[in-house]
Amino acid sequence: MGAVTLRVADLDAMIRYYRDGVTLELLSHAGPVAVLGRGATPIVVLEHAPELRHASPRDAGLYHTAILFDTREALATALFSVASRYPGTFTGSADHLVSEAFYFTDPEGNGVELYFDRDRSTWSWVHGTVEMATIFLDPNGYLREHLTEAGHASASDASAARLGDAVVGHVHLSVGDVASAREFYVDRLGFETTAELGDQALFVSAGGYHHHMAMNTWQSRGAGRRGLALGLGKVEIVVPTADDLGELGERMAHHRVATRDDGRTLAFDDPWANLVEVRAAE
């Protein structure tokens, strides 16, 4: 997964949340657009759009952006930082068997997951379905076990060097119905189903990951196409090669999905008008 673009009303406040709270680095800030990430990897792109209004909580759109940290120390550092600076944004935590996750809602209502993956050798698969669960994970206990002195120092000083690497691990969407999500993201786009919760949620991936994307109807059942609003602007997917991108373009044309191809990226809307842009890594 590539960066997630968010349309925001208060650009400065959102930069502070993701930089000083979530511990991302401000990679660039040109006029109304700010890019935050780690190293050379963009994770969140913030586009200033104060003329827009917030969508209804029951509309389709972003459920959360899931930021994957490469060590438990780095995750604990981010957890401590955002919980200390923005304690009112913490919404929960869970041991999902494949991962350890902590959940927040940013100042404009966009969901954020901070997580660490357990080693793939510990994941359990049965007939192509990965075993996941939602088990309580004590955030204070997690900090006691994994927050180091270096992590505490880094979290306490927003200008200090960040610990570890981070990327967008997966993107979770709110959609109107699971059947349409499966038809689009599996049958047309080409992801593989890794888990399902009846007509409530679908988890999909490529390459044997537990999930690169998820779609649920928990708040948005029956939602139609989105109007222009604050919140999700774009989901970016990165495929290995230009050949993969070309094959995707042919597949989408076969399924009569309207696409925009600028020679570098292939862009299209899902059934709820969530913009998806695909590019090749090379």
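Only a predicted model underlies this, so the values are computations on that prediction, with no experimental measurement involved.
When atom types are taken as modelled, the side chain of T217 and the backbone of G222 share no donor-acceptor pair closer than 3.5 angstrom. Although no hydrogens or angles enter the test, the distance criterion places no donor-acceptor pair under 3.5 Å between the side chain of D95 and the main chain of I135. Of the possible polar contacts, none joining the T65 side chain to the V171 backbone as a donor-acceptor pair under 3.5 Å is found. Between the side chain of H212 and the main chain of A206, a donor-acceptor pair closer than 3.5 Å is present. With hydrogens and angles ignored, the 3.5 Å screen pairs no side-chain donor or acceptor of S205 with any backbone N or O of H210.
Counting only residues at least two apart or on different chains, no side-chain hydrogen bond (donor to acceptor under 3.5 Å, both in side chains) pair has a member in residues 27-36. Sorted by first and then second residue, the salt bridge (charged side-chain N to carboxylate O under 4.0 Å, His left out) pairs involving residues 127-140 (not counting sequence neighbours) are D138-R144. Pairs of residues two or more places apart, or lying in two chains, that qualify as salt bridge (charged side-chain N to carboxylate O under 4.0 Å, His left out) and include a residue from residues 261-272 are R225-D269, R260-D269, D262-R264. Sorted by first and then second residue, the ring-ring contact (aromatic ring centres under 6.0 Å, His included) pairs involving residues 148-171 (not counting sequence neighbours) are H64-H170, F80-H152, Y115-H170, H170-H211. For residues 227-245, the side-chain hydrogen bond (donor to acceptor under 3.5 Å, both in side chains) pairs, not counting sequence neighbours, are K234-E277, E236-R279, T241-D244. Counting only residues at least two apart or on different chains, the side-chain hydrogen bond (donor to acceptor under 3.5 Å, both in side chains) pairs with a member in residues 31-60 are T23-R38.
A donor-acceptor contact closer than 3.5 angstrom is absent between the side chains of S174 and Q219.
Ring pair Y86/F104: centre-to-centre distance not below 6.0 Å.
Atom CD of E73 has more than 12 neighbouring heavy atoms from other residues, nucleotides or ligands inside a 6.0 Å radius.
Checked against salt bridge (charged side-chain N to carboxylate O under 4.0 Å, His left out), R256 has no partners two or more places apart in sequence or in another chain. Residues forming a salt bridge (charged side-chain N to carboxylate O under 4.0 Å, His left out) with E196 (at least two apart in sequence, or on another chain): R182. Every residue two or more places apart in sequence or in another chain was checked for a salt bridge (charged side-chain N to carboxylate O under 4.0 Å, His left out) with R85, and none qualifies. In this structure, the side-chain contact (heavy atoms from CB on, under 4.5 Å) partners of S93, at least two apart in sequence or on a different chain, are F90, F102, F136, L137, P139. Residues satisfying the side chain to side chain donor-acceptor pair (under 3.5 Å) test with Y142, not counting sequence neighbours, are E100. With sequence neighbours left out, the salt bridge (charged side-chain N to carboxylate O under 4.0 Å, His left out) criterion links D119 to no other residue.
To the nearest 0.5 Å, atom CH2 of residue W272 and atom CG of residue D177 are 5.0 Å apart. In this structure, CG in L114 is found 12.0 Å from OG in S99, a value given to the nearest 0.5 Å. With rounding to the nearest 0.5 angstrom, the CD1 atom of I15 is 10.0 Å from the CG atom of D20. One finds the CZ atom of R162 at 9.5 Å from the CZ atom of F69 (value rounded to the nearest 0.5 Å).
Within the 4.5 Å cutoff, the side chain of M14 has heavy atoms near those of the E108 side chain. Between L189 and L248 the shortest side-chain heavy-atom distance falls below 4.5 Å.
In summary, of the residues considered (V276, N274, N216, L202), a side-chain contact (heavy atoms from CB on, under 4.5 Å) with L173 occurs for N274 alone.
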